[in-house]
Each structure stands twice: as C-alpha cells, then as structure tokens.
Amino acid sequence: MTTPAAPLTPPSPSGLDAVEQEIARACRDARRARAGVTLIAVSKTFDAPAIAPVIAAGQRVFGENRVQEAKGKWPALMAATPGIALHLIGPLQSNKAREAVALFDAIHSVDRDSLCEALAKEFSRQPRRPELFVQINTGEEPQKAGVAPQDADAFIARCRDVHGLTVSGLMCIPPADEAPAPHFALTAKIAARNGLTKLSMGMSADFATAIAFGATHVRIGSAIFGTRTRPL
Ligand SMILES: *Cc1c(COP(=O)(O)O)cnc(C)c1O
C-alpha cells in the first residue's frame, strides 16, 4: 500500500484554473498557440492576502488600474516573488508618469500627446521602458478614455515620430451594452494597418471572443478573484 504523494504545488484558486482552461479552449478553437495569449490577472481592489494564493499558483502577470493603489501593495509582493510583471490598465494622469514608469512593466492607456510627453520625459530620466499600448475608444463613448478610431493612425504616428515612443499594441474596452466582437475587430484592424502586433482586449465576460479576434493580452479580474466589493 502506498500513500498518495503530497502535491508539489498548492492547489490553484478555482477561478484561475477555470480561466486557464477557458483560455486554452479559446486558443484551440481559434487555432492559436496558448503561448500567444498573456493572461493579465486584474487584482484591482483586492488586497495582498487575496492576491498571494494566485501568485502561489504560478500566475506572474497582474494588472492594476490605479497607480496609488498599486504602489501600496505591489512592491512588497514583488520583493517576495521575483519575476512578477505589473501592467497599468487604467487611465494615467501625466503627473503620475514618473511613478508609473518606475513601477509598471506595461502601460495600456496611452491616449494623448500630453501623456506621451510626460512618458518621454521619464524615459530620459529613468532606465525603465514599460511596454506601451495605445487605448482606442472604439465605442466613441464620451466618458471613456482612449483615442477615437478615426484619430488612431495619426496619434500612433505622433507617438513614434514626435514623441520618440515605441508603441507595441492597442487596447480597447468595448461599451458595456454592446456586443464586443465588432469592437475587437476594429481594434485588430487598426493595429494591423499600423504594423502593431499586440492586442490588449477581453475581460471576464468576453475574453474567449477577444482571443478569436486576435487578443494577445486578456485582462481578467472578477473571473479569477471573484466579485469586487469595493467600487473601481
Ligand atoms: C477592471 C478591469 C478589467 C477586468 O474586468 P473583469 O470584468 O473583472 O474581468 C479589465 N480591464 C480594465 C481596463 C479594467 O479596469
């Protein structure tokens, strides 16, 4: 009689497991390699004790939407576990560019020249170069950040030619009350004609669709961590 071996890794949080399986399935359906999709676990509003089990399960890429909140919890978590990448997925004020460049490995919300100027200035001061995504306001919603689709090509060109920034890809957040597919398709089309290869799109409710439309980065919060009790 043998006793079962102790598991080598702690059990994964069930939300993370389910999301991982769903991403794998969406990749198979789209005939895409799983390695072509980065899962960003969106930990906004959750504290370190809620995040720790997700890190312990092996997740290494996390997303936050506020610089101050991220500064409060991530330096200690990152010191404890090497190899964590932090992505800023929320709007960035120019006066927080210094802190954002210092803390984040990617910024998904580049959407105006004043922010580009602030980022370029920080790049001249700090050795860090977070990867940059231009946010497209595909639904042209007045309350939402992002560049209007018709202004995207010119803005992307200015990022490069005027501000000297390297843009890696595009990000979008489809309107809550619309089918997301046309918004993902539009974002993918703008990226393709501008030679950009990365697409940050897809959240808990629609990431499988986003993967079908070419998402390379899916930003998933509630499906991993549960419902947020604090407002954004
Ligand atoms: C909160 C947030 C997400 C994650 O949303 P869920 O629906 O919880 O998966 C993704 N992207 C952005 C920009 C967010 O602010």
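First listed ligand is number 1; within each ligand, the first listed atom is number 1.
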For Gln126, the side-chain hydrogen bond (donor to acceptor under 3.5 Å, both in side chains) test, sequence neighbours excluded, returns Glu122

The side-chain hydrogen bond (donor to acceptor under 3.5 Å, both in side chains) partners of Arg34 (sequence neighbours excluded) come to Glu20

What orientation do Phe133 and His217 show, parallel under 30°, tilted 30 to 60°, or perpendicular over 60°? perpendicular

Closest heavy-atom approach to atom 12 (C) of ligand 1 among Val42, Ile89, Asn65 is made by Ile89

Check your understanding: Of all the heavy atoms in His108, does at least one lie under 4.0 Å from an atom in ligand 1?
Key -> no

For [X], counting its heavy atoms only, list the atoms of ligand 1 lying under 4.0 Å from any of them.
X: Lys44; answer: 1 (C), 2 (C), 3 (C), 14 (C), 15 (O)
X: Ile220; answer: 9 (O)
X: Ile173; answer: 13 (C)
X: Arg219; answer: 4 (C), 9 (O), 10 (C), 11 (N), 12 (C), 13 (C)
X: Ser204; answer: 6 (P), 7 (O), 8 (O), 9 (O)

Is Arg193 paired with Asp153 through a side-chain N to carboxylate O contact shorter than 4.0 Å? yes

Review point. Are Val42 and Val37 connected, step by step, through hydrophobic side chains (Ile, Leu, Val, Met, Phe, Trp, Tyr) whose heavy atoms are closer than 4.5 Å?
Key: no

